[in-house]
Amino acid sequence: MVGCKPSRYLKENEVLIDKVVVRGVDKDLEEDALSFVPKANSKLLGKKISLGLYNTFNTKDGKYKSKRKKIGQEPAILDSARAIQASQKMSRFLQNKGYFNNVVSLKIDSLGKKKIKLTYTAIERNRFTVRNFKLNILDTALKSLYSKKYKAPIDSGEYYDYYRLEREVSNINNLFKRNGYKDFEKSYVKFKADTLFNDSINAKNEKDRHQTDIITIINNPKGSNYHQAFTMNDTYVTIKPNARRKEIKADTIKAREDLYFLDKEGIFKPQRFSDLIFFKRGALYNNDDFLKTYTRLGDLNLFQFIKTEFRSVDQDSTKLNTYIELTPAKKLSATIEGELTLSGSYLGGNAGISFMNKNFFGGGEIFEYRLKGGLEFQPTSFNGIPQPAIREKTLETSASILFPRLLAPFNISLSKYSLPKTKVILGYTYEGRQELFTTGNTYTNLNYEWRETLQKSHYYTPINISLVNSTLDSAVARAYILSGNRSALSRYESYFSLSSQYTYLYNDYRVRFGGDFIYFKGSIDLAGNLMYLGYEAFNAQKNKLGQYTVLDRPFYQYTRPEVEIRYYKMVNKRQLVTRFNIATGFAYGNTPTMPYGKLYGTGGANSLRGWRARQVGPGSFPRNDIKPQNSSDSIAIQLEQIGEMKIEANVEYRFNITRNFIGFKLDGATFLDAGNVWNITSYFDDLYPQGRFRFNRFYKELAVGTGLGLRLDLSFLVFRFDAGLKLHDPQFKENRWVIGKFFDKDFKNEYPSFRFMNYNIGIGFPF
């Protein structure tokens, strides 16, 4: 594909655009200017690989097929008319950026047989700045409303920018549509640049000759001398089954003073819809109420179609009745899903099925049952120590009901953005680590979630109950006891847990849309405190280890806070993301440590990508120095490397490689990851030597890795591949900058299981 001459399939009068150059454009505007000109075929390592793919699958007998597949990138054939139009579009773009007197020219050069180069040269001349704004609004009511909220979109002295004025058009449109003017349109708004005042006669100096006044013009509707404001009247909601379902006779029910409900399917409770409809009789029309109503109804995930119509009341044309027609989606559904996972040499997979019943109680509730199982495989040898081929077996099953409201014994005041939900879940998880341990967790919890504003989200779990049964392999337990490492046994004890969690998110919705913003996540997990106080108050009996118990199991008591901050920055249409994450856990009172599942690990596809999941630390724990001296050593190499504290930091630079790779967008990324986990108490010193956090050395124990990644954007999901390279590995006492040992044969012979590279496959972005 690479070796084929890319222009060999072109017709006699066709030429290939091999190179496009733009000159004379301000550096800050150069990338935007390039978007208006024709594109040459993309190159990778100097070769037109995407064009080669296209030619391979779309040619026959020396010419292109009539029906072509969307594979690769089609040839960039010169269209003279479009090439000339591109110079006009670029000139218009520069005008919109304040270069009112610019000139753009096009030159076409031959680069050989059927290959040409396009050169666009711009003479920008002086760039105009804004002097001041003037208002020309014919409707006095609109003028009064706009003047109260008015702020100049471009400050005096700043460069003229038409695109900022376009954003002001949207602001004006939204302002009026929120204040009764339903029929207002963007087309009523015009901006006029007035440069007549600064001609050579009136201008005092050279600077004044390149200024402009902006006149904001808001026209009235054709044939009218004002814009009509509307108030809301009554709302009528009709549920109408689709053609495949039977429609029943039903009576209209009054769900609210101004809300009427007609269910032609007979399975919905009208009173549950009252909080979802934001139109109120007597209030001015507000487009936000329409959007919130539509969003709330859509968020129920119950309706296939949502249709809204406004009609004037016969007796008073300034009042509006709202008619909402809802077509229900399928009530019952089942989904089969599965995935393959790869993290370094750990290859795994899982499969599952979920069953969903929508509108379970008639008020938009969703019942869901899930069943999922998986296996993870590993190398059968580590530094000469044999390991089982199957590393882990997992099983998950759960039943849940999601309510589209907050179920609480008292009223809670929520904002208009809240989208409240309550979820009750009962589930069971099983984890079996071959030749090590098995754990079964029966749990139930109550979850609330809502939005305070568009930017701020809250997640609160007041009740989370877990009943855990753990079994440690007898040979493993014996090995721990013989090695004097009894503290390790506590990780595999059966226990009871009663905990509460709270999470606050800021700007989580913006992750989907890009731009410059800060993302924040803060959470806290508290367990066992109320139970401990209750047992203390009643002077309850303790077990032989000095712990209070529930169902003959000790309950955990701890506090577990976590903070994550990210900064997203657009740099010339590329994205730079920085992330910092710190978390710790403090066990006290009834237990010396947190549950095994609440300890922290790092490494893997969404963390330090140069390492496998939970294979970093804690601290400078020397995992690769473990030799098969005794049975406890064999157990130690199978342990996940986890601790009571975690610090992670990441930087990732994301860029586009091609917008047409086998018909999809292909992006790339380069990244730098750093982090580790530590223990903050002496409890696990025997299990993880050198694993404790110390201020005077923790920065020396940060694992550091770098790498490259590919992201195949299928529009509905992003398929990700990352190759991580270890730079600094804290497990070694000396020579922690292991990148210097990359070509060292003696090092590789001493540590045959050490891997400099780790490969990860994932879905979506790592953060």
Side-chain angles (χ1 to χ4, degrees), residues 267-269 271-273 275-276 295-304 328-339 350-374 393-410 412 414 418-431 439-451 457-469 496-505 508-509 521 523-527 560 595 597-598 717 763-764:
I267 60 174
F268 293 89
K269 294 180 179 179
Q271 63 270 24
R272 295 301 185 192
F273 285 78
D275 293 336
L276 305 177
T295 301
R296 286 286 187 92
L297 291 172
D299 194 60
L300 292 175
N301 199 25
L302 298 177
F303 303 108
Q304 185 177 6
K330 290 183 179 179
K331 181 178 174 63
L332 305 177
S333 63
T335 304
I336 298 175
E337 57 186 13
E339 64 179 354
N350 58 66
I353 186 171
S354 62
F355 169 78
M356 188 178 293
N357 185 327
K358 300 178 180 180
N359 200 40
F360 193 59
F361 294 128
E365 303 83 7
I366 298 177
F367 170 83
E368 184 177 21
Y369 173 75
R370 299 177 65 89
L371 177 64
K372 183 179 180 181
K393 298 177 181 178
T394 58
L395 176 69
E396 300 176 34
T397 183
S398 65
S400 65
I401 299 179
L402 179 68
F403 299 85
R405 52 194 173 276
L406 293 188
L407 297 181
F410 47 85
I412 301 176
L414 298 174
S418 58
L419 297 174
K421 295 177 183 176
T422 303
K423 189 173 185 178
V424 182
I425 186 169
L426 174 66
Y428 173 80
T429 63
Y430 168 86
E431 179 185 4
T439 298
N441 177 17
T442 303
Y443 64 92
T444 184
N445 54 54
L446 172 66
N447 303 310
Y448 296 111
E449 64 176 85
W450 70 96
R451 285 192 180 275
S457 299
H458 303 266
Y459 299 84
Y460 177 47
T461 301
I463 300 174
N464 187 2
I465 300 174
S466 292
L467 185 64
V468 177
N469 293 310
F496 177 86
S497 175
L498 174 61
S499 62
S500 299
Q501 294 91 32
Y502 169 74
T503 298
Y504 171 80
L505 291 178
D508 59 311
Y509 81 101
K521 177 182 179 181
S523 64
I524 188 166
D525 184 355
L526 301 170
R560 189 174 181 266
K598 294 291 184 178
L717 64 83
I763 302 296

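If you read the sequence from its start, that first residue is 1, and numbering goes on from there. Here the structure is a predicted model, which means the values were calculated and not measured.
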Surrounding NZ of K521 (heavy atoms of other residues, nucleotides or ligands, distance under 6.0 Å), is the total greater than 12?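 No, not enclosed.
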If you count the non-hydrogen atoms of other residues, nucleotides and ligands that lie under 6.0 Å from CG in L717, is the total more than 12?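 Above 12, so yes.
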Verify, without hydrogens or angle tests, whether [X] (side chain) and [Y] (backbone) share a donor-acceptor contact under 3.5 angstrom.
X    : Y    : answer
K372 : N350 : no
R405 : G363 : yes
N359 : G364 : yes
T444 : L426 : no

First locate atom [atom1] of [X], then atom [atom2] of [Y], and finally report the distance between them rounded to the nearest 0.5 Å.
X    : Y    : atom1 : atom2 : answer
Y443 : Y428 : OH    : OH    : 11.5 Å
L332 : F367 : CG    : CZ    : 11.0 Å
L402 : I425 : CG    : CD1   : 10.5 Å
E396 : N441 : CD    : CG    : 10.5 Å
I465 : L446 : CD1   : CG    : 10.0 Å
Y459 : L505 : OH    : CG    : 5.5 Å

Given side chains that start at C-beta, do those of [X] and [Y] come closer than 4.5 Å, heavy atoms only?
X    : Y    : answer
F355 : L371 : no
T429 : T394 : no
S497 : N464 : no

If we count only N and O atoms by modelled type, under 3.5 Å, do the side chains of [X] and [Y] hold a donor and an acceptor together?
X    : Y    : result
H458 : Y448 : no
Q501 : S499 : yes
Y369 : T397 : yes

D299/K421 salt bridge by N-O under 4.0 Å criterion: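 Counted as a salt bridge, because a side-chain N and a carboxylate O are separated by less than 4.0 Å.
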Quick test of your reading of the model: are K269 and E365 salt-bridged, counting only N-O distances below 4.0 Å?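 Salt bridge: no.
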Testing the basics here: between P404 and L300, what is the closest heavy-atom pair and its distance to 0.1 Å?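 In this case the closest contact between P404 and L300 is CB-CD2, 3.2 Å.
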Which pair of non-hydrogen atoms, one from R560 and one from K598, has the smallest distance, and what is that distance?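 Looks like NE-O, 2.7 Å.
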So Y502 and L526, side-chain contact (heavy atoms from CB on, under 4.5 Å) or not? Walk me through it. CA-CA 9 Å; Y502 169 74; L526 301 170; over 6 Å; no
Taking T461 as the fixed residue, which of T503, D525, N447 is the one that meets the side-chain hydrogen bond (donor to acceptor under 3.5 Å, both in side chains) rule?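 It is N447; the other options fail the test.
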